[in-house]
Amino acid sequence: MLNGMKHGALTILPLALGAAVYGFAFGLLAAQVGFPSWGVGLMSASVHAGSSQIVAVEQFASTGTVLGAVLAGAALNLRYVGMIASLSEVLDGLSWRWKILAIHVTGDENWALTMAERAKSPDVGAAFLLGSGFVMISVWTASTVAGAAIGAVLPDLERFGLGFAFAAAFI
């Protein structure tokens with residue numbers, strides 16, 4: 001299992017670097033609309049879905065309602081139902097706790113990478129998914145917190161015409 005996790009962790013690194021930039025931008029902009037860095041970190045570690053986090057923060061910033069933000073983020077995350085269903089064979093044989101953990105750390109990048117690697121070699125499985133997922137959630141959470149910490153001390157970026165950044169990051 002450890003070798004598979006290590007293989008997943010190393011293979012995902014180039015994608016994790018890209019997610020770090022995206023996560024930093026998200027954290028920076030979330031701080032600009034009033035989210036504290038601890039809140040950004042908690043959201044990143046528990047939700048772990050960049051696009052839905054952006055939508056939720058934008059919704060909250062524009063309406064101020066938590067329910068609307070949660071519903072907007074949840075609607076965008078419906079794609080995970082199909083993604084997780086496609087992992088049934090990969091997760092087969094894991095205990096219930098490991099399955100829940102694997103599902104939690106599954107994101108777009110490590111799901112796609114796991115499926116691509118599995119197409120090349122059927123031996124690639126849950127360990128690869130977990131290793132790549134642990135790297136992605138760690139990098140995502142750290143980069144969003146770093147962005148939020150820096151965003152909290154910067155002047156209002158909207159004044160400089162940078163308010164489009166949320167939409168640009170989402171696209």
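Both backbone and side-chain heavy atoms feed into the values below; hydrogens, waters and symmetry mates do not.
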| said: Using every non-hydrogen atom in the two residues, find where Val145 and Gly41 come nearest and quote the distance to one decimal. | reply: CG2-CA, 3.3 Å
| Any side-chain heavy-atom pair of Phe26 and Val57 under 4.5 Å | yes
| query | Ser52 side chain to Ala49 main-chain N or O, any donor-acceptor pair under 3.5 Å? | reply | yes
| said: The criterion is side chain to side chain contact (heavy atoms under 4.5 Å, CB included); which residues satisfy it with Ser88, sequence neighbours excluded? | reply: none
| task | Go through the steps to decide whether Phe134 and Leu101 satisfy the test side chain to side chain contact (heavy atoms under 4.5 Å, CB included), and finish with yes or no. | result | CA-CA 10 Å; Phe134 290 147; Leu101 183 59; 3.6 Å; yes
| request: For Val55 and Ala72, work out which heavy atoms get closest and say how close. | output: CG1-CB, 3.5 Å
| said: Distance check, rounded to the nearest 0.5 Å: Asn77 atom CG versus His48 atom NE2? | reply: 11.0 Å
| By side-chain hydrogen bond (donor to acceptor under 3.5 Å, both in side chains), which residues pair with Glu109, not counting sequence neighbours? | none
| query | What residues form a side chain to side chain contact (heavy atoms under 4.5 Å, CB included) with His104, not counting sequence neighbours? | reply | Ile137
| task | Check whether Ile103 and Met5 end up in the same hydrophobic cluster, where Ile, Leu, Val, Met, Phe, Trp and Tyr are linked by side-chain heavy atoms less than 4.5 Å apart. | result | yes
| Can you tell me how far the OG1 atom of Thr106 sits from the CG atom of Leu129, to the nearest 0.5 Å? | 4.0 Å
| task | Would you mind reporting whether Glu58 and Val33 have side-chain heavy atoms less than 4.5 Å apart? | result | no
| task | Measure the OG1-CG distance between Thr114 and Leu87 for me, rounded to the nearest 0.5 Å. | result | 7.0 Å
| Do you know which two heavy atoms are closest between Gln32 and Gly151, and how far apart they sit? | NE2-O, 2.8 Å
| query | Which distance, rounded to the nearest 0.5 Å, do you find between the OG of Ser37 and the CG of Leu28? | reply | 12.0 Å
| For residues Trp111 and Ser86, is any side-chain donor paired with an opposing acceptor at under 3.5 Å? | yes
| Which atom names give the shortest non-hydrogen contact between Ala31 and Ala152, and what distance separates them? | CB-N, 3.6 Å
| query | Which other residues end up in the same hydrophobic cluster as Leu10, if Ile, Leu, Val, Met, Phe, Trp and Tyr are linked when side-chain heavy atoms come under 4.5 Å apart? | reply | Ile12, Leu13, Leu15, Leu113, Val124, Phe128, Val135, Met136, Val139
| task | Kindly indicate whether the side chain of Thr11, heavy atoms from C-beta on, has any atom under 4.5 Å from the side chain of Ser132. | result | no
| request: Taking the side chain as every heavy atom from C-beta outward, state whether Met83 and Met115 have any pair of such atoms under 4.5 Å apart. | output: no
| remark: Heavy-atom closest pair (Leu91 atom, Lys99 atom, distance to 0.1 Å) is O-CE, 3.2 Å
| Below 4.5 Å, heavy atoms only, C-beta onward: do Phe60 and Val70 meet side chain to side chain? | no
| said: Clusters formed by hydrophobic residues whose side-chain heavy atoms approach within less than 4.5 Å: which one holds Trp38, and what are its other members? | reply: Leu42
| said: With clusters defined by side-chain heavy atoms of hydrophobic residues (ILVMFWY) lying less than 4.5 Å apart, directly or transitively, does Trp140 cluster with Phe35? | reply: yes
| Polar contact flag, side-chain donor to acceptor under 3.5 angstrom, Ser44-Gln53 | yes
| task | Could you tell me whether Arg118 and Asp123 have a side-chain N and a carboxylate O separated by less than 4.0 Å? | result | no
| field | Cluster overlap Met43 with Val66, hydrophobic side-chain contacts below 4.5 Å | value | yes
| query | With Leu71, which residues qualify under side chain to side chain contact (heavy atoms under 4.5 Å, CB included), at least two apart? | reply | Leu67
| query | Less than 4.5 Å apart, any side-chain heavy atom of Glu89 and any of Pro122? | reply | no
| query | Atom CD1 of Ile54 and atom CG of Leu29: how far apart are they, to the nearest 0.5 Å? | reply | 8.0 Å
| note | d(Asp108 CG, Tyr80 OH) to nearest 0.5 Å is 4.0 Å
